[in-house]
Amino acid sequence: MNTTKDLYSEIAEFLENEREVYGPFSLAETEEIVVAEPSASAAKPARDTSKTVVEEENKEYQSMTTLEKIEACSTLDELRELCEKADELRTDLEGTNLVFGVGNPQADLMLIGEAPGADEDRQGEPFVGKAGQLLNKILAAVDFDREDVYIANILKHRPPGNRNPDPDERSRSLPYLFRQIDIIQPKIILCLGLISGNTLLNREDLLRELRGGFHPFRGADLTVTYHPAALLRNPQWKRPTWEDVQKVRKRYVELGCKP
Ligand code: URA
Ligand code: URA
């Protein structure tokens with residue numbers, strides 16, 4: 001009884017003999033002879049098969065909606081790659097860089113700001129300017145390193161003149177941010193500023209109505225505090241911010257989050 005291997009050796013031997021009689025075959029001709037033999041289908045060159053599969057997968061992918069492509073991302077790298085190509089994440093400021101997010105992909109605490117500024121746009125990383133330096137100090141006050149947490153923004157591109165993100169920009173960005181949150185699966189989300197809090201909770205509340213408590217959001221406990229940039233202009237809000245992050249640290253311990 002012939003196994004595939006035996007069959008393969010037989011074909012090889014046959015070709016070897018033919019070659020002796022008729023001179024050398026080109027590689028393409030050799031492959032064609034093997035493929036055309038139905039009983040030798042197991043010996044089909046892998047290159048041809050995978051090419052067709054890749055083409056079909058590409059066609060299928062192109063026909064997916066943006067939302068389906070977002071949902072299909074199972075890692076932050078895949079999502080980042082999709083964001084790189086997403087024109088709907090851009091603002092009307094031209095030539096900006098993607099500011100995807102930074103930190104521990106397995107973080108139990110996720111921080112969400114508003115939108116990148118000039119420094120963030122230049123470096124492609126959220127909260128690296130003056131507000132970012134203050135944020136690092138706020139985190140350190142409750143014993144978190146920047147590397148322990150994950151930091152992102154509502155918008156992934158800088159708006160012109162640092163204006164507030166408009167409702168349309170926010171709604172175009174949210175499906176990407178929601179996917180990012182669902183991949184990271186933080187136990188606590190701290191919104192930095194009223195815009196971030198109201199956008200995620202889909203409210204139009206005042207900061208004092210959102211602060212202090214935890215709101216259930218995509219499997220996490222979400223809370224809101226002052227934006228670090230607001231603290232630079234209004235240092236009297238530092239004390240209540242400190243109280244808010246103390247509450248975050250307490251909840252972090254209560255939920256048994258990673259040390
Ligand atoms: N302000 C924000 O809201 N996000 C940043 O990344 C920087 C400043
Ligand atoms: N008002 C805001 O809109 N944001 C803050 O962070 C503080 C006050």
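Counting starts at 1 for both ligands and their atoms, in listed order. Remember, it's a predicted structure, so these values are computed and weren't measured experimentally. One is the number of the first residue; the rest follow in order along the sequence.
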Student: Please identify each residue that fulfils side chain to side chain contact (heavy atoms under 4.5 Å, CB included) with A72, with sequence neighbours left out.
Tutor: M64
Student: Side chains of R146 and N136: any donor to acceptor distance under 3.5 Å?
Tutor: yes
Student: Quick check, are the ring centers of F100 and H157 under 6.0 angstrom apart?
Tutor: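 Ring centres of H157 and F100 not closer than 6.0 Å.
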Student: Step by step, work out the side-chain hydrogen bond (donor to acceptor under 3.5 Å, both in side chains) result for Q180 and Y150.
Tutor: CA-CA 10 Å; Q180 199 168 12; Y150 194 93; 3.1 Å; yes
Student: Tell me which donor-acceptor pairs under 3.5 Å the side chains of residues 78-90 have, and how far apart each pair is, sequence neighbours excluded?
Tutor:
{"from": "E78", "atom 1": "OE1", "to": "S74", "atom 2": "N", "distance (Å)": "2.7"}
{"from": "E78", "atom 1": "OE1", "to": "S74", "atom 2": "OG", "distance (Å)": "3.3"}
{"from": "E88", "atom 1": "OE2", "to": "Y176", "atom 2": "OH", "distance (Å)": "2.5"}
{"from": "R90", "atom 1": "NH1", "to": "T96", "atom 2": "O", "distance (Å)": "3.2"}

Student: Sequence neighbours excluded, which residues qualify as side chain to side chain contact (heavy atoms under 4.5 Å, CB included) partners of R251?
Tutor: I188, F214, D221, E254, L255
Student: Let me know which protein residues bring a heavy atom to under 4.0 Å of ligand 1; chain then number is fine for ordering.
Tutor: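 These residues qualify: G113, E114, A115, E120, P126, F127, N153, H227.
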